[in-house]
**Q** 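Below you'll find the structure I mean.
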Number of protein chains: 2
Amino acid sequence: MSENKYLSIYNDLLSKIEKGIFKPGMKIPSEHQLVEQYETSRETIRKALNLLSEHGYIQKIKGKGSIVLDVRKFDFPISGLISFKELAQKLGKPSRTIVEQLEMIKPDEVLKKHLHVTAREDIWKVVRVREIEGERIILDKDFFNKKFVPFLSKDICARSIYEYLEKELQLKISFAKKEFFVEECTEEDRMYLHLKQYTHVVVVRNYVYLDDASLFQYTESRHRLDKFRFVDFARRIHLH
Amino acid sequence: MSENKYLSIYNDLLSKIEKGIFKPGMKIPSEHQLVEQYETSRETIRKALNLLSEHGYIQKIKGKGSIVLDVRKFDFPISGLISFKELAQKLGKPSRTIVEQLEMIKPDEVLKKHLHVTAREDIWKVVRVREIEGERIILDKDFFNKKFVPFLSKDICARSIYEYLEKELQLKISFAKKEFFVEECTEEDRMYLHLKQYTHVVVVRNYVYLDDASLFQYTESRHRLDKFRFVDFARRIHLH
DNA sequence: AAGTGGTCTAGACCACCGA
DNA sequence: CGGTGGTCTAGACCACTTG
């Protein structure tokens, strides 16, 4: 219901692109035309179009118009790392999540640094393995500050912690910083994953921040080399 | 000189953050105050603040204000893959670029698909090796449609093709799509890189689009495992 | 209740593009 | 030249936070 006007226009235009009413290469109506269609002001239309542009659906060209792009349909949903769930869904492959550890700990030196916490604070530690087609591919180690996440259960971890945090606890995730690099396998990797002949894993460190800019989660995700994949869609910034 | 007003405000605020005049955790002046300081309208201030927010420098909180974040200073400049140059600069290490191949070719099947071209079009192929501290770390294979880049020389390739395209040819790069994955080393990798004991490379496929949404460059960048690093800063989108 | 950021309006002028 | 998108203004009302 009471959606923002510019968001509802964004969604309306998006669905027209996805349904093929606006086809790749085509120009969508001009801002002036859209102002009349949606009976709103030009800045509101521009907000909707800028969103479409930032998400890679259209390209705005000064003096010409906005044309529909075709880059996105080949790809995974939005820019960024495809999650385990999305991957499994896309590929239509049988998969499951195994909760290996769930405990309350005090942070060690490394974790204190990553989570910006003191030695006295309580931290949830969750270790999960993601299995696709019977192969244990990804090792996820999540750490949550108990201050933000008072309760966790194996059941919640086996489903989606993510959904629990956003829907049940109403935590508003605002932004995340990710780091990727390759590391030699650890004992822990060998214990939990089916590594085959691979001697290295791709490590993704994920720092998640809430709406009020407080860091509440640190995750280390360790992927078997051959099953790692990432897609990034980046708009170039033209300052100056 | 004749810079946009909102961009000059953005740059001014940014330099105050980087100089520490606005410190992490601090609130910057309210939009109303900034309107008076910069003698402009509120929407213009908001454009500048939204840019700062999108680039991860501040966090806007409704009803409270905008606070300065501290996530970025630990990291490489803007979100996205750090380029060879940035890496070398950051680490202050001696480095150079070696142009191994520069030729005009007709696209094979794979390239036709990647560059969206026909078999008759001419394609520049550039193969370069990036060396840091005497080690050949990265193999870059660039392909340009001759339609957009009529002339290239070894000299240009040894410096920065990038600068040449933007400054000399005035090409406006608009957005890029990147794919990351890990692959087994090829003969070519072994020939050009110092791979040490590593049996795999991190492959980055880069598709670059111009302002008019035409695809003009395809690049395959092959990194030795231990020297690959990526940082991503992603704002979470809250639709609905 | 006062202050904050989020949305929205109805105008204006500009730079760019195509015919 | 008319049409396009980019910037900018000076208001307005709202939802939210804090005292």
Side-chain angles (χ1 to χ4, degrees), chain A residues 1-11 13 22 26-54 57-69 170 172 174-175 210-214 235-240, chain B residues 1-11 13 22 26-54 57-69 170-172 174 210-214 235-240:
Chain A
M1 285 300 98
S2 63
E3 208 178 23
N4 285 338
K5 193 177 271 189
Y6 80 90
L7 276 182
S8 72
I9 294 172
Y10 165 84
N11 285 321
L13 293 171
F22 297 148
M26 259 179 69
K27 278 214 272 281
I28 65 174
S30 75
E31 295 180 353
H32 176 69
Q33 286 172 304
L34 292 173
V35 163
E36 302 205 328
Q37 265 185 47
Y38 290 99
E39 294 179 319
T40 182
S41 71
R42 189 164 157 235
E43 285 295 343
T44 300
I45 292 294
R46 286 178 55 72
K47 256 187 166 176
L49 293 187
N50 284 334
L51 258 192
L52 285 170
S53 168
E54 282 160 23
Y57 291 103
I58 64 170
Q59 173 76 3
K60 306 181 80 180
I61 304 169
K62 193 195 290 193
K64 291 176 81 173
S66 300
I67 69 178
V68 179
L69 298 178
Q170 297 282 324
K172 288 260 174 75
S174 168
F175 58 93
L210 296 180
D211 249 11
D212 62 356
S214 57
R235 199 140 277 283
R236 178 74 193 293
I237 300 135
H238 277 122
L239 295 181
H240 218 203
Chain B
M1 287 299 99
S2 63
E3 206 180 25
N4 285 338
K5 191 176 274 190
Y6 79 90
L7 276 183
S8 70
I9 295 172
Y10 165 83
N11 284 321
L13 294 172
F22 297 149
M26 259 180 68
K27 279 213 272 278
I28 65 175
S30 75
E31 296 181 352
H32 177 67
Q33 286 172 304
L34 292 173
V35 162
E36 302 205 327
Q37 265 185 48
Y38 289 98
E39 294 180 319
T40 183
S41 70
R42 190 167 155 231
E43 285 294 343
T44 300
I45 292 294
R46 286 178 55 73
K47 255 186 167 177
L49 294 187
N50 284 334
L51 260 191
L52 286 170
S53 167
E54 281 161 22
Y57 292 103
I58 64 169
Q59 173 76 5
K60 307 181 80 182
I61 304 168
K62 195 192 295 192
K64 291 176 82 172
S66 299
I67 69 178
V68 179
L69 297 179
Q170 297 282 325
L171 291 178
K172 290 258 173 75
S174 167
L210 296 179
D211 249 11
D212 62 354
S214 57
R235 200 141 273 286
R236 179 76 192 292
I237 301 136
H238 277 123
L239 297 180
H240 217 201

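Every chain is numbered from 1 and lettered A, B, ... according to where its sequence line falls, protein lines coming before strand lines.
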**Q** Between the protein and nucleotides 14-19 of chain D, which nitrogen or oxygen pairs come in under 3.5 angstrom?
**A**
residue: dT18(D); atom: OP1; partner: K64(B); partner atom: NZ; Å: 3.3

**Q** Applying side-chain contact (heavy atoms from CB on, under 4.5 Å) to Y10(B) and L52(B), what does each step give before you reach the verdict?
**A** CA-CA 7 Å; Y10(B) 165 83; L52(B) 286 170; 3.5 Å; yes

**Q** So how far is it from L69(A) CG to I67(A) CD1, rounded to the nearest 0.5 Å?
**A**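 With rounding to 0.5 Å, CG (L69(A)) is 6.0 Å from CD1 (I67(A)).
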
**Q** So, using side chain to side chain contact (heavy atoms under 4.5 Å, CB included) as the criterion, who are the partners of S30(A) when residues are at least two apart?
**A**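 In terms of side chain to side chain contact (heavy atoms under 4.5 Å, CB included), with neighbours along the sequence ignored, S30(A) is linked to H32(A), Q33(A).
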
**Q** Over all heavy atoms of both residues, which pair between A48(B) and I9(B) is shortest? Give the atoms and the distance, please.
**A**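 Residues A48(B) and I9(B), closest heavy atoms: CB-CG2, 3.8 Å.
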
**Q** What heavy-atom pair brings I58(A) and S66(A) nearest, and what distance separates the two atoms?
**A**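 Taking I58(A) first and S66(A) second, the nearest heavy atoms are CD1-CB, 4.0 Å.
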
**Q** Under 4.0 Å from any heavy atom of chain A: name the first and the last nucleotide of DNA chain C that qualifies, 5' to 3'.
**A**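 First and last nucleotides in contact are dT7(C) to dG18(C).
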
**Q** Is the shortest heavy-atom distance from the side chain of I28(A) to the side chain of Y57(A) under 4.5 Å?
**A**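 No, too far: nothing below the 4.5 Å cut-off.
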
**Q** Could you list the residues that satisfy side chain to side chain donor-acceptor pair (under 3.5 Å) with T40(B), not counting sequence neighbours?
**A**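 Scan of T40(B) (side chain to side chain donor-acceptor pair (under 3.5 Å), adjacent residues dropped) gives none.
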
**Q** With a 4.5 Å heavy-atom cut-off, do L34(A) and L13(A) have their side chains touching?
**A**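 When only atoms from C-beta onward are counted, L13(A) and L34(A) do touch, with a gap below 4.5 Å.
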
**Q** Any idea which heavy atoms bring P29(A) and Q37(A) closest together, and the distance?
**A**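 Shortest heavy-atom contact: CG-NE2, 3.9 Å.
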
**Q** Estimate the overall bend of the helix from dA1(C)-dT18(D) to dG18(C)-dC1(D) from the end axes over five pairs each, rounded to 10 degrees.
**A**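 What I find for the helix from dA1(C)-dT18(D) to dG18(C)-dC1(D) is an axis angle of 10°.
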
**Q** Considering residues at least two apart in sequence or located in another chain, which fulfil the side chain to side chain donor-acceptor pair (under 3.5 Å) criterion with Y6(B)?
**A**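 Side chain to side chain donor-acceptor pair (under 3.5 Å) check on Y6(B) returns nothing, list empty.
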
**Q** With the threshold set at under 4.0 Å for non-hydrogen atoms, list the residues of residues 34-42 of chain B touching DNA chain C in residue-number order.
**A**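 When residues 34-42 of chain B is checked for heavy atoms under 4.0 Å from DNA chain C, the hits, listed by number, are R42(B).
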
**Q** Kindly write out the residues that satisfy side chain to side chain donor-acceptor pair (under 3.5 Å) with S8(A), not counting sequence neighbours, or none if the list is empty.
**A**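 Result, side chain to side chain donor-acceptor pair (under 3.5 Å) vs S8(A): none returned.
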
**Q** Name all pairs fulfilling the salt bridge (charged side-chain N to carboxylate O under 4.0 Å, His left out) condition that reach into residues 37-47 of chain A, sequence neighbours left out, sorted by first residue then second.
**A**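 Every pair satisfying salt bridge (charged side-chain N to carboxylate O under 4.0 Å, His left out) with a residue in residues 37-47 of chain A: E31(A)-R42(A), E31(A)-R46(A).
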
